[in-house]
Novice: 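This is the structure I want to talk about, given as structure tokens.
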Amino acid sequence: MTSLPEPTVPRLRPGVRLTSDPVRGELALLPERVVVLNDTAAAVLTHCDGTATVGRIVEHLAQDYEGVHTEDVCELLLRLAERRVVDLDV
């Protein structure tokens, strides 16, 4: 089980921008590279505004999707942090 301490507040790293490409889909543009996002990662990142906690992000996602689990969101955020897409402020 993966978790993050509350209140962890994810935000896009400086210089990271989200965009959509008709061929490659949802993208995170980093200064040195591009990360192609799946639908889940794109949905999570739209809520990473630097003010919403992980718990609040899960609440937002649960309004639009069934079966949203905090552990899954935390695991995804940790992977995105490893890829330097987000910072996880505690």
Novice: Can you check side chain to side chain contact (heavy atoms under 4.5 Å, CB included) on Leu18 and Leu27, steps first, answer last?
Specialist: CA-CA 6 Å; Leu18 301 179; Leu27 306 171; over 6 Å; no
Novice: Please determine whether residues Leu78 and Val9 belong to a single hydrophobic cluster, defined as Ile, Leu, Val, Met, Phe, Trp and Tyr linked transitively by side-chain heavy-atom distances below 4.5 Å.
Specialist: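 The answer is no; the residues belong to distinct hydrophobic clusters.
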Novice: Would you say Arg33 and Arg83 make side-chain contact, with heavy atoms under 4.5 Å?
Specialist: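 Arg33 reaches Arg83 side chain to side chain.
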Novice: About how many Å separate CG of Leu4 and SG of Cys74, when rounded to the nearest 0.5 Å?
Specialist: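 Interatomic distance, Cys74 SG to Leu4 CG, rounded to 0.5 Å: 4.0 Å.
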Novice: Check whether any side-chain heavy atom of Ser3 sits under 4.5 Å from a side-chain heavy atom of Thr70, and report yes or no.
Specialist: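 SC-SC contact between Ser3 and Thr70 ruled out.
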Novice: Distance check, rounded to the nearest 0.5 Å: Thr40 atom OG1 versus Glu26 atom CD?
Specialist: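 If we round to the nearest 0.5 Å, Thr40:OG1 and Glu26:CD are 12.0 Å apart.
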Novice: Under a 4.5 Å cut-off applied to non-hydrogen side-chain atoms, are Leu77 and Val54 in contact?
Specialist: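 Side chain of Leu77 against side chain of Val54, heavy atoms only: contact under 4.5 Å found.
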Novice: Is there side-chain contact between Val85 and Leu45, with heavy atoms separated by less than 4.5 Å?
Specialist: yes
Novice: Using the rule that Ile, Leu, Val, Met, Phe, Trp and Tyr join whenever any side-chain heavy atoms are under 4.5 Å apart, tell me whether Val34 and Val86 fall into a single cluster.
Specialist: no
Novice: Would the distance check show the side chain of Asp49 and the main-chain N or O of Ala52 forming a donor-acceptor pair, the cut-off being under 3.5 Å?
Specialist: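 A pair under 3.5 Å: yes.
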Novice: Does the distance from a Lys or Arg side-chain N to an Asp or Glu carboxylate O, for Arg79 and Glu82, drop under 4.0 Å?
Specialist: no
Novice: Can you list the residues that meet the side-chain hydrogen bond (donor to acceptor under 3.5 Å, both in side chains) rule with Asp87, with sequence neighbours excluded?
Specialist: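 Partners of Asp87 by the side-chain hydrogen bond (donor to acceptor under 3.5 Å, both in side chains) criterion, ordered by chain and then number, come out as Arg11, Arg13.
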Novice: Supply the atom-to-atom distance Leu76 CG to Glu71 CD, rounded to the nearest 0.5 angstrom.
Specialist: 13.5 Å
Novice: Looking only at heavy atoms, which two atoms of Pro7 and Thr53 are closest? And how far apart?
Specialist: CB-CG2, 3.8 Å
Novice: Please answer: with hydrophobic residues joined when any side-chain heavy atoms are less than 4.5 Å apart, are Val36 and Leu29 in the same cluster?
Specialist: yes
Novice: Under a 4.5 Å cut-off applied to non-hydrogen side-chain atoms, are Pro10 and Asp89 in contact?
Specialist: no
Novice: Counting only heavy atoms not in Asp64, do more than 12 sit closer than 6.0 Å to its CG atom?
Specialist: yes
Novice: Atom CZ of Arg84 and atom CD of Glu32: how far apart are they, to the nearest 0.5 Å?
Specialist: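 It comes to 6.5 Å.
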Novice: Do you know which of Ile57, Val73, Val44 makes side-chain contact (heavy atoms from CB on, under 4.5 Å) with Val68?
Specialist: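 It is Val73, the one option of Ile57, Val73, Val44 that forms the side-chain contact (heavy atoms from CB on, under 4.5 Å) with Val68.
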